[in-house]
Amino acid sequence: MHKLYFTRHGETVWNVENKICGMTDSPLTERGRAQARALGQKVKAGGYAIDEILYSPLSRAADTAKAIADATGIPARCEPRLREQCFGRYEGTPRNGEKFRISKTCFADRYDGGESMLQLAQRIYNLLDELRDQPDKTYLLVAHNGIARVVESYFHDMTNEEYALAGIRNCELVEYHFD
């Protein structure tokens, strides 16, 4: 069966401060760097048959991917479509803000200068369609929590509410199967 792996970057400064990162480039904390190294060791020891790592151009994901690549020897390259969603006016604001929570359920909302969920889904679904059409390669995608929601929705039916609440922990490794 054709597989795809996904992980979210390690912990960032703004994760600790409970701020929405989006396209803002918040660096990894020391804990985040340790999480990335530990995930690299897990992938190496776990015998995952990953051919290539694709990562977001934002430093928090790039640094995580490079730590995994260093530990495993798996080649890694930047994939610009994996950048996090631009949350416009909400970047740098509290992640649990009531207005942001409501806006996340309005899929055409561009957050005053940002990117809508529909635009985000289009670029990620296009990438996933391309990867699906390469059944001889297994990829590890290293990206962001917003991207994790879209990937989850590509592989599983979700309500709008489930989508808005979905996410994964820093450096959690998730396996998906293309049908």
Side-chain angles (χ1 to χ4, degrees), residues 1-87 91 95 120-121 123-156 165-179:
M1 184 171 287
H2 184 44
K3 294 179 186 178
L4 174 82
Y5 294 93
F6 183 91
T7 192
R8 179 182 176 201
H9 58 77
E11 179 188 80
T12 69
V13 171
W14 276 17
N15 290 158
V16 172
E17 295 174 357
N18 195 40
K19 292 181 181 179
I20 299 166
C21 295
M23 290 287 294
T24 304
D25 210 0
S26 181
L28 293 177
T29 62
E30 182 52 45
R31 179 177 183 216
R33 287 188 289 280
Q35 289 170 328
R37 289 189 300 270
L39 180 54
Q41 291 304 313
K42 175 182 176 176
V43 170
K44 182 179 179 179
Y48 296 88
I50 296 169
D51 298 298
E52 188 173 14
I53 300 168
L54 303 178
Y55 60 88
S56 161
L58 298 174
S59 69
R60 59 192 183 265
D63 292 346
T64 300
K66 290 171 186 172
I68 297 166
D70 288 346
T72 61
I74 299 169
R77 69 178 160 94
C78 182
E79 170 49 72
R81 291 176 286 183
L82 288 173
R83 73 186 184 283
E84 178 61 294
Q85 181 175 7
C86 179
F87 290 110
E91 293 197 14
R95 293 177 58 140
L120 172 66
R123 73 174 153 91
I124 299 303
Y125 278 26
N126 288 346
L127 172 62
L128 293 170
D129 285 347
E130 289 173 23
L131 300 180
R132 180 198 63 219
D133 292 341
Q134 299 176 41
D136 58 328
K137 283 189 91 170
T138 300
Y139 292 94
L140 167 59
L141 307 183
V142 181
H144 310 276
N145 211 28
I147 307 304
R149 279 190 285 278
V150 178
V151 172
E152 182 71 16
S153 75
Y154 182 90
F155 288 97
H156 300 104
L165 294 173
I168 64 172
R169 296 179 310 276
N170 297 105
C171 289
E172 179 180 351
L173 187 63
V174 181
E175 180 179 306
Y176 293 100
H177 299 269
F178 290 106
D179 290 332

### Task
Find out whether Lys42 and Thr7 are in side-chain contact, i.e. whether some heavy atom of one side chain is under 4.5 Å from a heavy atom of the other.
no
### Task
Keeping the roles fixed (side chain from Arg123, backbone from Pro80), state whether a donor-acceptor pair exists under 3.5 Å.
no
What pairs of donor and acceptor atoms, side-chain ones from residues 62-76 against any protein atom, are under 3.5 angstrom apart with sequence neighbours left out?
| residue | atom | partner | partner atom | Å |
| --- | --- | --- | --- | --- |
| Thr64 | OG1 | Gly10 | N | 3.1 |
| Thr64 | OG1 | Arg60 | O | 2.7 |
| Thr72 | OG1 | Ile68 | O | 2.8 |
| Thr72 | OG1 | Ile74 | N | 3.1 |

### side chain to side chain donor-acceptor pair (under 3.5 Å) partners for Asp51, two or more places apart
none
### Heavy-atom side-chain proximity of Ile124 to Val151 below 4.5 angstrom
yes
### Residues forming a salt bridge (Lys or Arg N to Asp or Glu O under 4.0 Å) with Lys137, sequence neighbours excluded
Glu52
### Message
Restricting to non-hydrogen atoms, name the atom on Ala61 and the atom on Ser56 that form the minimum distance, rounded to 0.1 Å.
### Response
CB-CB, 3.6 Å
#### Entry: Euclidean distance, Leu165 CG relative to Arg149 CZ, rounded to 0.5 Å
9.0 Å
### Task
Just jot down the side chain to side chain contact (heavy atoms under 4.5 Å, CB included) partners of Pro135, sequence neighbours excluded, or say none.
His2
#### Entry: Contacts of Glu84 that satisfy salt bridge (Lys or Arg N to Asp or Glu O under 4.0 Å) - sequence neighbours left out
none
### Query
Quick one: are Leu140 and Tyr48 in side-chain contact, heavy atoms under 4.5 Å?
no
### Task
From the options Cys21, Pro27, Ser59, select the one residue that forms a side-chain contact (heavy atoms from CB on, under 4.5 Å) with Thr12.
Cys21
Donor-acceptor pairs under 3.5 Å, side chain of residues 172-179 to any protein atom, not counting sequence neighbours: which ones?
| residue | atom | partner | partner atom | Å |
| --- | --- | --- | --- | --- |
| Glu172 | OE1 | Arg169 | N | 3.0 |
| Glu175 | OE1 | Tyr5 | OH | 3.2 |
| Glu175 | OE2 | His177 | NE2 | 2.8 |
| Tyr176 | OH | Glu152 | OE1 | 2.7 |

### Message
I'd like to check the side chain to side chain donor-acceptor pair (under 3.5 Å) partners of Arg31; sequence neighbours left out, ordered by chain and number.
### Response
Glu11
### Query
So, do Ile53 and Arg77 sit near enough that their side-chain heavy atoms are less than 4.5 Å apart?
no
### Query
In Å, rounded to the nearest 0.5 Å, how long is the span from CD1 of Ile20 to CG of Asn15?
11.5 Å
### Query
What are the two closest non-hydrogen atoms of Leu82 and Leu54, and how far apart are they?
CD1-O, 3.5 Å
### Between CG on residue Asn145 and CD1 on residue Ile168, distance to nearest 0.5 Å
6.5 Å
### Query
What distance do Arg95 atom CZ and Phe87 atom CZ have between them, rounded to the nearest 0.5 Å?
9.0 Å
### Query
Tell me, which pairs form a ring-ring contact (aromatic ring centres under 6.0 Å, His included) where one or both residues lie in residues 49-70, sequence neighbours left out?
none
### Summary
Residues passing the side chain to side chain donor-acceptor pair (under 3.5 Å) test with Ser26, sequence neighbours excluded, are none
### Task
List in chain and number order the residues that pass salt bridge (Lys or Arg N to Asp or Glu O under 4.0 Å) with Arg81, two or more places apart in sequence or in another chain; answer none if no residue qualifies.
Glu79, Glu130
### Query
Can you name the ring pair (Phe, Tyr, Trp, His ring centres under 6.0 Å) partners of Tyr154, sequence neighbours left out?
Tyr125
### By side chain to side chain donor-acceptor pair (under 3.5 Å) - contacts of Glu30 (at least two apart)
Arg33, Arg37
### Task
Find the distance between CZ (Arg83) and NE2 (His144) and round it off to the nearest 0.5 Å.
10.0 Å
### Query
How long is the gap from CG on Leu120 to CD1 on Ile147, to the nearest 0.5 Å?
4.5 Å
